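Here's the structure, in structure tokens; my notes come after.
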Protein chains: 2
Amino acid sequence: MKKTTPIPARTIERMVLYKRLLIDLKSKGVHTLFSHQLAALAHNTSTQVRRDLMEIGHSGSPRKGYDVTELISNISGILDGSKERIIALVGVGNLGRAILSYFTYSHPGLTIAAAFDTDENKVDRVISGCRCFHMSQFESKIAEMHINLGIITVPAAQAQFVADRMVAAGIKGILNFAPVPLKVPGGVFVDRIDIASSLEKLAYFAELS
Amino acid sequence: MKKTTPIPARTIERMVLYKRLLIDLKSKGVHTLFSHQLAALAHNTSTQVRRDLMEIGHSGSPRKGYDVTELISNISGILDGSKERIIALVGVGNLGRAILSYFTYSHPGLTIAAAFDTDENKVDRVISGCRCFHMSQFESKIAEMHINLGIITVPAAQAQFVADRMVAAGIKGILNFAPVPLKVPGGVFVDRIDIASSLEKLAYFAELS
DNA sequence: GATTATATGTGATATATTTCACAACAGGAA
DNA sequence: TTCCTGTTGTGAAATATATCACATATAATC
């Protein structure tokens with residue numbers, strides 16, 4: 001029996017957080033916890049937590065709460081799908097390098113397998129722990145390494161071009177740091193992280209006080 | 001009298017995007033446009049655009065559409081509040097430096113005035129175009145420079161401590177790159193950018209195909 | 001074993017956000 | 001001027017998301 005309704009994006013985001021918090025708790029020797037405890041850590045309500053767990057069909061015990069190990073395993077079962085997730089990063093500028101070095105030193109399950117750029121000074125070297133190739137090798141490396149996710153850290157003007165090549169190469173998910181919306185065909189999921197935009201939003205809402 | 005209901009966060013996010021797109025259009029000599037044209041660029045619907053503009057009380061003409069200059073000015077009036085927005089960044093690691101260099105070369109209205117770290121090798125130098133101070137000078141520099149927004153790019157373990165100091169120093173908005181939810185008193189706005197989390201979400205939704 | 005106190009799981013409800021559908025309108029054409 | 005076309009502005013409906021409220025369950029205690 002599978003899930004009939006797809007799990008909402010908001011729920012998935014919280015699930016990722018729960019998983020991280022739970023792994024941390026487990027490492028501290030916590031074996032069991034209540035919805036209101038997880039809620040306090042995740043900074044939301046116990047009802048929200050229970051609703052979310054209901055979404056993935058996880059059950060706890062009214063008096064003992066939830067088993068941490070079992071819950072981690074259930075959440076992971078949802079988040080870590082069937083396929084291996086192998087990532088390519090395009091654009092080895094400041095931000096690209098920062099992300100590379102963030103992910104090279106241990107990040108279980110998420111591996112940036114290759115980086116790409118057009119700058120000859122960066123190509124064919126190991127930068128921030130990741131092998132960097134020229135864009136001319138993009139398609140062949142994607143296929144060879146079974147890469148299915150992409151990170152775009154190129155300037156805005158080139159982002160769509162890179163996205164198009166990613167899509168053509170069969171990549172199914174793109175994380176876009178360039179401050180432009182990308183046009184992709186259905187079946188490809190795009191998420192955007194826009195630092196300048198976040199700061200503007202911040203400025204707006206901070207203004208209130 | 002202006003807005004009775006606060007403008008929703010989602011609308012503000014789109015507004016930031018509209019503004020950027022419009023400024024770009026203006027520089028290309030476009031003087032007027034229809035809601036469906038802006039929608040195409042922003043990757044949403046004409047109704048959504050009109051609703052958003054209604055939110056800020058902007059009016060267009062049924063047959064001529066919206067005046068680009070006037071619209072930019074109206075959106076800016078909403079987004080750029082009354083106070084100057086001056087930003088401090090704490091944590092001059094890879095990500096911190098990437099953000100600093102991203103913002104030093106031209107970003108109108110958003111200035112990172114100072115960076116802070118505890119590493120003696122970074123302190124009292126100009127890094128990626130921004131002056132870096134020791135954390136011991138944090139409170140005095142915040143006051144002196146009238147800083148009201150903060151960016152946290154320290155490891156998770158130190159994020160709450162930094163946030164507490166920011167709040168105590170009077171900062172009203174925090175952009176948090178550390179993968180932990182921050183606890184702050186009401187009146188302080190926090191936004192989180194969690195790259196690992198975004199990748200996990202990406203992996204989940206890309207899995208579908 | 002019965003009682004009790006405290007959590008869970010969830011239908012119902014409330015709120016937030018988006019989309020629909022269409023009346024009102026403005027400019028160009030005849 | 002009057003008609004026609006294509007767009008705006010927005011009430012109403014639909015959808016998505018979060019919260020409430022409570023019946024149900026279970027471990028600990030007596």
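It should be emphasised that the depicted structure is a prediction, and the values quoted were computed from it without experimental measurement. Protein chains get the first letters and strands the later ones, always in sequence-line order, with residue 1 at the start of each.
Mapping A:R63 and A:S59 onto DNA chain C by nearest heavy atom places A:R63 at the nucleotide closer to the 5' end.
Note on A:D24 versus A:K28: salt bridge recorded, some NZ/NE/NH1/NH2 to OD/OE distance being below 4.0 Å.
At whole-Å resolution of the value, CD in A:E13 and P in D:dT17 are 10 Å apart. For A:F34 and C:dT8, the CZ to P distance is 7 Å, given to the nearest whole Å. Look at CD on A:E55: it is 10 Å from P on D:dA18, rounded to the nearest Å. The CG-C1' distance, from B:L33 to D:dG6, rounds to 15 Å in whole Å. Rounded to whole Å, atom P of C:dG9 lies 13 Å from atom CG of A:L38. The CE atom of B:M54 sits 10 Å away from the P atom of D:dG9 (whole-angstrom rounding). Going from atom CG of B:L71 over to atom P of D:dT8 covers 11 Å, rounded to whole Å. Remark: P of C:dT8 and CG of A:D67 are 13 Å apart, rounded to the nearest angstrom.
Between A:F205 and B:F189, the ring planes are parallel. Angles under 30° get that label, and only those over 60° would be called perpendicular.
Considering all non-hydrogen atoms of both residues, B:A98 and A:A98 come closest at CB-CB, 3.8 Å. Closest approach of A:E70 to A:D67, counting heavy atoms only: N-OD2, 2.8 Å.
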Could you go over nucleotides 17-21 of chain C and give all protein N or O partners under 3.5 Å, atom names and distances?
unit_1, atom_1, unit_2, atom_2, d
C:dT18, OP1, B:R14, NH1, 3.0
C:dT18, OP2, B:R14, NH1, 3.4
C:dT18, OP2, B:R14, NH2, 3.0
C:dT19, O4, B:R51, NE, 3.1
C:dT19, O4, B:R51, NH2, 3.4

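A side-chain N or O of B:D164 and one of B:Q160 form a donor-acceptor pair less than 3.5 Å apart.
Residue B:H31 places its NE2 atom among 12 or fewer non-hydrogen atoms of other residues, nucleotides or ligands, all under 6.0 Å distant.
For the pair A:S61 and D:dA25, the criterion of a side-chain N or O lying under 4.0 Å from OP1 or OP2 is not met.
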